[in-house]
Each structure stands twice: as structure tokens, then as C-alpha cells.
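Since we're looking at a predicted model, the values are computed, not measured. First listed ligand is number 1; within each ligand, the first listed atom is number 1.
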Amino acid sequence: MKTGIHHLYIPGPTNVPEAVRRAMNVTMQDHRAPDFPELTLGLFADLKQVFRTKAGEVMLFPGSGTAAWEAAITNTLSPGDRVLIARHGQFSTLWAQMAERLGLVVDIVDVAWGAGCPANEFARRLGADRKGEIRAVFVTHNETATGVTSDIRAVRRAIDECFHDAMLFVDGVSSIGSIDFRMDDWGVDVAIAGSQKGLMCPAGLGVLAVSPKALLASRTATMRRAYFEFDDMLKLNAEGYFPYTPPVPLLHGLRAGLDRLLDEGLDAVHARHRRLAEGVRKAVAAWGMDLVAEHRSLYSDTVTAIRVHPDVDAREVIRIGYDRYNTAFGAGLARLSGKVFRIGHLGDMNEGMCLTALAVAEMALAEAGARIDYGSGIAAAQRHYAATRTRTAELRIAAE
Ligand SMILES: *Cc1c(COP(=O)(O)O)cnc(C)c1O
């Protein structure tokens, strides 16, 4: 029997705060009742703040992030349309595969798993596309498989400098609500999130924010869609309703999750993620191990993918953490299996939780055969957390 709390350090689902869990414990209610919009209209408005969009529309589809990918594609594109995407991890690979399955012509740029989205190569391809055949550019903002955050602004610049008309789609499932994201400023046309990562809820909602340009494209796009039809959703959302039964308890959870994000303040949330992540990275450096991310400019503040030495099996590290220490780490996905384990540090997270992850990781690594000085990583993280406790953070905590 496993005792104590289960420690969850996967990049999603993330830890659900107690307030969110309690908010979901509701008696079932009529989703066509006159007071239902009191819940939903506020959700749409507050999600716009999280996506940092005033111009766009936000939609919540029952489903996960993958459903939101599908909704984005089927509503705005037509069979045979050309799209540009980089493959640099498991999530960008799956998104490209979905685009192919749905009948798009997919221009794939393969780069190393650990590299970011290659904005320069995108600029070259967009520049060469004299007839403007590329209808959309897909970017995975935070590649959760590799712990790499790409520069969306740079991709926007690549599109603009070619005077290209392509729409910009961004998968922000493991970034939005945790890492700085600016839909309007960055000229993002479709932004995608899911309820179970930075929004701190269980899985079950695919979240989309859609620009006026993408909405216009949806009027003429001919790809088949039914359940995910934007038009049906937006018509009813305008009055605070849904075209079908929404997962109402989850909407209450989202309300509580958004309250927490907005009470802390988005800038503070992003700074907290940066600081916690930096502590984890200091620990990995102290262990003498490498990140999958190839350069510090790419380091993700929501998930750290750690390469173990070749004589250690990362699957063992994860198994030991799970079986002996009631702790879940993220696996190395696809080609990274056995070589990499991941620590998810997003959502409802603090210093003590990160230090627990590092303490268990040190035990699991040592027991899987890695050479580890017990406490080396923990001490590096502690020193970082201690040195970066700012006066403003202290004042904020005192005020609470
Ligand atoms: C989690 C995730 C997804 C979506 O996964 P679902 O399991 O369908 O929610 C998509 N992209 C990225 C980058 C992710 O981290």
C-alpha cells in the first residue's frame, strides 16, 4: 500500500488546487437555465485575459487539447490547403500527423528534438512561396516532450517580413497560463490550450482563442466539421449557452482556476514559473546532467526534460520514483524513451514541491545506477530559491 500524498510531476494533468476540486463538487444543474450565463460569460471574458486577446473569441469544446487542434484545423482550412510546421518533439509530430490525416498538404521542417521552431527556415519557405499557397503556419509554443519554448514573436516577424498572408496557429497547451503568451501582440490567429495544464483543472476542455482573421477564414473553409463547428458554438456562446451539454462541474473548476490565476496576476504567475524552473535547472546542472533543450534561450519554464547518462535507463528512474516513492515523473516520449525523464513544474506549484521532486529524483537516479551526490541538486535549487526571494514576493505573502 502507498501512504502519504501522491506527488505529481508530469506536465499534465497538473496538480488540481483544493479550491478547484471543491468548486467542481456541485449538484448537477440545468445548462439552459436563465442564470447559467452568469457562470459562462465570465469564463469567456477571463479566458481572453489569459490569452491576452481583446480582438479574438474564446471557445470551450468538450475534449482535450487534441480536440482543440482538430477544431482549429477543420474550421479554418480546406482539404488540400498547404500548411507549414516544424517537427521537433512528440507534440509537434502528432499535430503534423493530424494535419495530414485531415487532408492538408503539410510542409514539414524536421529539426533536432531539443531545437526550437526554426523561424529563419520558415522565413525562407514563406519567402519562396510566391503564390501564397501556404495558408497557415503551425507552431508548438512549448514542446512538452523536449522542454523547449519557441519564440512566437520571431515566427510572426518571419511571416510579416515576407508580406505573407498565412494564418499563425499556436499550440499553447503547456504554456498558456504559465508562460508569457500574447495572442494579439504576436498576431496569433488560433491559440490552443487545454484545461489540465496551466489552467489547473482536470482534462476535459479544449480551449481555443480565434482571431477575427481566422473567423473570417472559417466562413469559406470547406473542411468537414460538425461537433466542432465554430459557428454553432459562437452563436450560443454569445448568450452564455452551448450547442450541446457542457461539462458543467468542469466549468465551475475552471472558474476557480481562473480566479487563482487572475488573483495572483499573470505576470506574477509567469515569474513564479520562471523562478521555480530555474531552480530545477540549477539542480540538473549540479547533477552534471544535460537538458534536452539545446540552448538556454529555449528552456521551458513549465517542464524540464533531463537526459540521463547512457548507462542509466530513464524508464527505471521513472519506475522507481513511482513504485518506491509514490511520485510520478514524465516519461521520455517516442525516440527519447529510456534516455530522458521529465519533471513537470507548472500550475499549482511552489518551492517545496519542486524540492520534493528533486529529492525523489536524486533517490530514483541513484537507485537506477546514476552517480549522484545526495543533496547536490536540492542544495543548488535551495540556494537559487533563497537568493531570488524578492521583497515584493515577501510583501505579497504578508498581505495574504
Ligand atoms: C498536452 C499537450 C497537448 C494535448 O494533449 P491532450 O492530451 O489532447 O490534452 C498538445 N500539445 C501540447 C504541447 C501538450 O503539452
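- Considering backbone and side-chain atoms alike, Gly65 places an N or O below 3.5 Å from some N or O of ligand 1.
- Proximity of Trp69 to ligand 1, defined as any heavy-atom pair under 4.0 Å, is confined to the side chain (atoms from C-beta onward).
- Looking at atom 6 (P) of ligand 1, its nearest protein heavy atom turns out to be Ser64 OG, 3.4 Å.
- His164 NE2 to Arg135 CZ: the interatomic distance, rounded to the nearest 0.5 Å, is 10.0 Å.
- Taking the ring centroids of Tyr227 and Phe61, they lie at or beyond the 6.0 Å cut-off.
- When only non-hydrogen protein atoms are considered, atom 14 (C) of ligand 1 lies nearest to Lys197 NZ, 3.0 Å.
- Under the salt bridge (Lys or Arg N to Asp or Glu O under 4.0 Å) test applied with Asp348, the options Arg21, Lys197, Arg260 reduce to a single match, Arg260.
- Within the model, atoms CG of Leu216 and OG of Ser218 stand 7.5 Å from one another, a figure rounded to the nearest 0.5 Å.
- The shortest separation from a heavy atom of Gln196 to ligand 1 is under 4.0 Å, placing the residue in contact.
- Of the listed options Val173, Asn142, Asp171, Asp171 places a heavy atom closest to atom 11 (N) of ligand 1.
- The distance criterion of under 3.5 Å between nitrogen or oxygen atoms is met by Thr66 with respect to ligand 1.
- Thr144 OG1, 3.2 Å is the protein heavy atom nearest to atom 13 (C) of ligand 1.
- Closest of all the heavy-atom pairs between Val269 and Gly177 is CG1-O, 3.4 Å.
- Using a 4.5 Å cut-off on side-chain heavy atoms (C-beta onward), Ile306 and Phe329 make no contact.
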